[in-house]
Amino acid sequence: MTDLLLLPGDGIGPEVTAEVRRVAQALAPELSIDERPFGGASYDAHGVPLTDEALAAAKAARAVLMGAVGGPKWNGVPRDKRPEAGLLNLRAGMGVFANLRPALCFGPLADASSLKRELVEGLDIMIVRELTGGIYFGEPRFIEDLPGGGKRAVDTQVYTTSEIERVARVAFELARGRRNKVASAEKSNVMDSGLLWREVVTDLHRREYADVELTHILADNAAMQIVKAPKQFDVLLTDNLFGDILSDAAAQLTGSLGMLPSAALGVPGAPGLYEPIHGSAPDIAGKGIANPLAAILSFEMALRWSLDRADLADRLFAAVERALDKGARTPDLGGQLTTAQMGDAVLAEL
Ligand code: IPM
Ligand code: MG
């Protein structure tokens with residue numbers, strides 16, 4: 001069985017996953033590593049962004065680490081063959097419904113944030129984003145021509161009780177190991193799916209997690225609070241679309257999108273999917289200057305959540321912290337290191 005399947009993907013994906021490979025080989029040489037083309041790279045090679053074989057390999061691995069997908073090169077490709085469709089099919093195919101997106105501000109980077117140091121120093125938010133439902137997957141979805149000219153486009157936001165409950169459970173469990181607070185964000189003031197979301201979370205809380213402090217917050221207010229007083233949040237639970245948006249906002253608080261890892265988990269024992277949240281960054285792809293820390297920290301999460309090596313995860317996290325303390329900075333953090341030099345800086349601390 002493969003321990004770690006790498007899906008480098010597109011843009012800066014191959015550059016940052018190459019550093020993960022080096023770190024993994026140094027830290028845990030016993031892990032078996034395999035690799036498949038994914039996203040646009042797979043579309044170019046096989047005509048689809050995710051082959052059946054690659055999905056089967058992902059489901060058979062213990063952990064999957066993806067780099068990034070997409071880029072202007074594939075703009076004209078039909079939506080179901082676009083690199084992003086490969087990612088959605090991978091998430092759905094692996095059944096990874098709970099997306100953990102930590103927004104953690106490393107002390108030495110507090111000045112790289114667009115907010116004042118005192119607002120972000122010590123920040124530690126865990127966003128739990130529902131990942132395999134909602135408007136990303138709801139049917140029907142289409143664009144149709146209208147008889148009198150013009151068009152009509154439809155996307156569908158849909159959630160069931162069990163979809164909400166299983167992701168809410170992950171948020172409550174995580175909170176118990178942290179500061180014991182969950183804020184659940186939806187738009188129950190205008191959306192029926194938001195109303196059901198609030199009901200299901202409230203009910204689960206009453207039945208099983210009354211010891212955890214639960215607040216409900218409207219998603220627009222959550223966006224405002226994230227940039228106003230982000231440290232009020234511990235675990236922030238939300239749906240697929242709001243989670244996409246709120247996690248980018250939270251990411252910027254930490255100094256750079258290039259720092260943030262994520263883990264997507266399904267039922268216990270199933271492989272997790274680990275991704276840096278930064279995307280393919282076509283503007284800097286191929287230049288060797290992308291920050292590999294989000295990918296390296298995604299591997300750290302894989303060690304913790306899928307590979308049963310919390311000991312190695314702790315060592316890797318400490319090594320990243322020390323490298324930053326000593327001033328290791330890629331250009332997104334205001335420095336000059338190349339991708340490989342940042343990898344070297346982490347390896348030196350290991
Ligand atoms: C993310 C990305 C993806 C998403 C895209 C690339 C499909 O923005 O992981 O946040 O919207 O989920
Ligand atoms: Mg996003």
Side-chain angles (χ1 to χ4, degrees), residues 7-14 16-17 38-43 48-50 55 58 64-75 77-103 125-138 141 155-159 163 167 185 219 222-223 226 236-254 256-266 272-285 290-291 294-295 297-298 301-302 332:
L7 300 174
D10 310 319
I12 61 172
V16 297
T17 43
F38 180 54
S42 169
Y43 177 80
V48 287
L50 175 70
L55 176 59
V64 179
L65 192 141
M66 163 218 145
V69 290
K73 181 177 177 195
W74 301 281
N75 277 349
V77 173
R79 189 163 51 77
D80 64 326
K81 297 248 167 57
R82 286 177 61 100
E84 291 81 0
L87 177 55
L88 298 192
N89 291 341
L90 180 67
R91 289 172 177 168
M94 290 179 70
V96 286
F97 57 84
N99 189 199
L100 280 44
R101 297 193 159 192
I125 304 179
M126 178 66 86
I127 295 184
V128 177
R129 170 192 179 191
E130 199 292 325
L131 200 61
T132 53
I135 201 161
Y136 274 61
F137 294 95
R141 55 186 305 162
D155 290 287
T156 302
Q157 162 84 340
V158 50
Y159 273 109
E163 283 175 318
V167 72
I226 278 178
L236 181 58
L237 165 68
T238 192
D239 77 7
N240 205 341
L241 181 61
F242 296 141
D244 182 44
I245 297 166
L246 295 175
S247 63
D248 265 29
Q252 175 54 31
L253 303 179
T254 69
S256 169
L257 205 52
M259 290 297 302
L260 288 199
S262 77
L265 307 175
L273 171 62
Y274 299 84
E275 337 168 8
I277 83 162
H278 51 55
S280 62
D283 52 325
I284 59 163
N291 184 348
L297 290 169
S298 297
M301 293 188 89
D332 56 302

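We use all heavy atoms of the structure for the numbers below, so side chains are in, but hydrogens, waters and symmetry mates are not. Just so you know, ligand 1 is whichever comes first in the structure, and atom 1 is the first atom listed for that ligand.
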Taking just the N, O or S atoms of D244, which one is nearest to the Mg ion (ligand 2)? OD1
Nearest neighbour in protein (non-hydrogen) for atom 11 (O) of ligand 1: Y136 OH, 2.6 Å
R91, portion touching ligand 1 at heavy-atom distance under 4.0 Å: side chain
Closest heavy-atom pair and its distance - M94, V64: CE-CG2, 3.6 Å
Hey, is the main chain of L87 close enough, under 3.5 Å, to the side chain of E84 for a donor-acceptor pair? no
Do N240 and Y159 come close enough that some side-chain heavy atom pair is under 4.5 Å? yes
Tell me the protein heavy atom at minimum distance from atom 10 (O) of ligand 1, and give that distance in Å. D244 OD1, 2.8 Å
Quick test of your reading of the structure: of R82, E84, R101, whose heavy atom lies closest to atom 1 (C) of ligand 1? R101
Are the side chains of T156 and R141 in contact, using a 4.5 Å heavy-atom criterion? no
Residue D248, metal the Mg ion (ligand 2), N/O/S under 2.8 Å: no
With no hydrogens and no angle check, do the side chains of Y136 and D244 hold a donor and an acceptor under 3.5 Å apart? yes
Would N99 and R101 count as a side-chain hydrogen bond (donor to acceptor under 3.5 Å, both in side chains) here? Give the steps. CA-CA 6 Å; N99 189 199; R101 297 193 159 192; 2.8 Å; yes
Hey, which atoms in ligand 1 end up nearer than 4.0 Å to a heavy atom of R129? 1 (C), 4 (C), 9 (O), 10 (O), 11 (O), 12 (O)
